[in-house]
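Counting starts at 1 for both ligands and their atoms, in listed order.
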Amino acid sequence: MGRLIVISNRVSVPSAAGAAGAQGGLAVALNSALREHGGIWFGWSGQETAEFTGHLDMQRNNGVTTATIDLEPQDVDEYYNGYANRTLWPLFHYRIDLTEYDRNFGEGYERVNERFADSVFPLIEPDDLVWVHDYHLLPLASILRGKGVKNRIGLFVHTPWPPTRLLASLPFHERLVASMLEHDVIGFQTTEWLESFLHYVQKEMGLKIGLDNSIEYNGRQVIARAFPIGIDFAEFTEAASSAQAKEAHDRLKASVRGRKILIGVDRLDYSKGLGERFESFSRFLGDHPEMAGKAVLLQIAPPSRGDVTSYQQIREDLERKTGHINGAHADVDFVPIRYVNRGYPRAELAGFYRAAEVGLVTPLRDGMNLVAKEYIAAQDPENPGVLILSRFAGSALQLKDALLVNPHSVEHVAETIKLALDMPLAERKRRHQKLLASVREEDVIHWLDQFVKALSGPDKDSGNVASLDRVA
Ligand code: ADQ
């Protein structure tokens, strides 16, 4: 098998993660794959430059080669903050009310995809497998094909895929989807998003779907499949059993003085349902006066995409809501919602998860949601907490033994919080065992192995990626 060329909007350089282990499971897994197969991780550096030069910053750290480019401020505005995060992200999360259609965004998106293609093209060798990630780069493969790239190219979409009727509101939607059909493999998180995509290509493009979900397009065969992403189970459980995790666990436990802990951990994003979650918790406190002063919601939510107005608004909304709810339910020695806008090293996060009796994961729409899986992996199997999970997270299709909720229904979530806090140990263990088996088996290494195998093609053996050395 040839090398892997991973292309994503941003690149996670191994050395930049630092000793605290700030790198997420996906970055750890992709780095392992790159170390094993050789190859390059290419993307935007996150830096701006006055004028785009196409200069490649090539680095080799911990056995992984990365290549990054800087973008112009106009690129960042139109491509990243614009088309990616003000058009596609809200649309793909069913938020047509927040979706902005601006011609400049579309042009910027195409321009940056061209710049990505121009820059990565010279790095691609004939046998390489090219693996493109996410909604930022949907047309990249078609531009590479235009340059004569014949390699196998795969795409993995980390977000949901919207229903056809929503997608049809996007100007030039056919052009966007047609450009995606230049891949050999298109992967989605779940069968639900896959079905939406297949529905679109059938209904809007009149294409035929084969038995193996292959799509015939312009004389080529594209395979569309679900590849549910997982966490790096080995890495995460190791982090969870570290001294740093134990310290974080004990610190949090000591601070609540015997109260029950509910935990939420999310990027500050409107798709994560944080406002609804806070209201549900408030409703729970209102409906159960006997619980007054007995349960704390710890919400960890590092800000993201702060240049986009809708993200500034959600931040303000949540600050207002927190103040309001805390004002109504606090006492001199007790604050019901602890709302923390910062990131934590993974080991500390694992300690916090383990300290919490309830994991509250209630996105309104989410491609997968890895926090749900991390919460399960971090629990003490002899005394596990209870996962409350939105039915609209991709992970709900795998984690059926969680308490599944409709996050829009404040009453339903409030009742489920009570159910979770009252759940007897035997039932908690029974549910946790099944959830843990799924999180352990369908981990990120399994996902990577499956995708690379499919990308290698039907007649090629990808080698066993599952046996990779997982640790940096
Ligand atoms: P995200 O929307 O970012 O990812 P998620 O899957 O939950 O959502 O991953 C978030 C990651 O960030 C988790 O690993 C979590 O631990 C970490 N994180 C969040 N808050 C943190 C904090 N305060 N400190 C440290 N770490 C924190 C997108 C899609 C998802 C999909 C993933 C992977 O939106 O649906 O599951 O990609 O494909």
Would you say [X] and ligand 1 have an N/O pair spaced under 3.5 Å apart?
X    : value
M368 : yes
L370 : yes
H93  : no
G367 : yes

Hey, what's the ring geometry for [X] with [Y], parallel, tilted or perpendicular (30° and 60° as the breaks)?
X    : Y    : result
Y79  : F116 : tilted
Y270 : Y311 : tilted
H133 : W447 : tilted

I want to confirm something. Looking only at heavy atoms, which of [options] is nearest to [atom]?
atom                    : options                : result
atom 23 (N) of ligand 1 : R346, R342, K272       : R342
atom 16 (O) of ligand 1 : H133, E348, H158, E374 : E374
atom 27 (C) of ligand 1 : D269, L349, D232       : L349

Is the cationic atom of R354 (NZ for Lys, CZ for Arg) positioned less than 6.0 Å from the six-membered ring centroid of F352 and within 45 degrees of its normal?
-> no

For ligand 1, which part of W89 has a heavy atom less than 4.0 Å away: the side chain, the backbone, both, or neither?
-> side chain

Quick one: which ligand 1 atoms are inside 4.0 Å of a heavy atom on [X]?
X    : value
Q189 : 31 (C), 38 (O)
I229 : 38 (O)
I300 : 23 (N)
V371 : 7 (O), 15 (C)
R267 : 1 (P), 2 (O), 3 (O)
V265 : 19 (C), 20 (N), 21 (C)

With respect to W161, which candidate in W193, F197, Y135, Y200 satisfies the ring pair (Phe, Tyr, Trp, His ring centres under 6.0 Å) definition?
-> F197

Applying the side-chain hydrogen bond (donor to acceptor under 3.5 Å, both in side chains) test to D128, which of H37, R152, R3 qualifies?
-> R3

Can D366 be said to touch ligand 1, with heavy atoms closer than 4.0 Å?
-> yes

Mind jotting down which residue pairs meet the salt bridge (charged side-chain N to carboxylate O under 4.0 Å, His left out) criterion with at least one end in residues 80-94? Sequence neighbours excluded, please.
-> R86-E100

Report yes or no: do D266 and Q299 form a side-chain donor-acceptor pair below 3.5 Å?
-> yes

Show your reasoning for whether ring-ring contact (aromatic ring centres under 6.0 Å, His included) applies to F451 and W131.
-> CA-CA 9 Å; F451 195 93; W131 188 0; 4.4 Å; yes

Should the pair E442-K373 be classified as a salt bridge under the 4.0 Å nitrogen-to-oxygen rule?
-> no

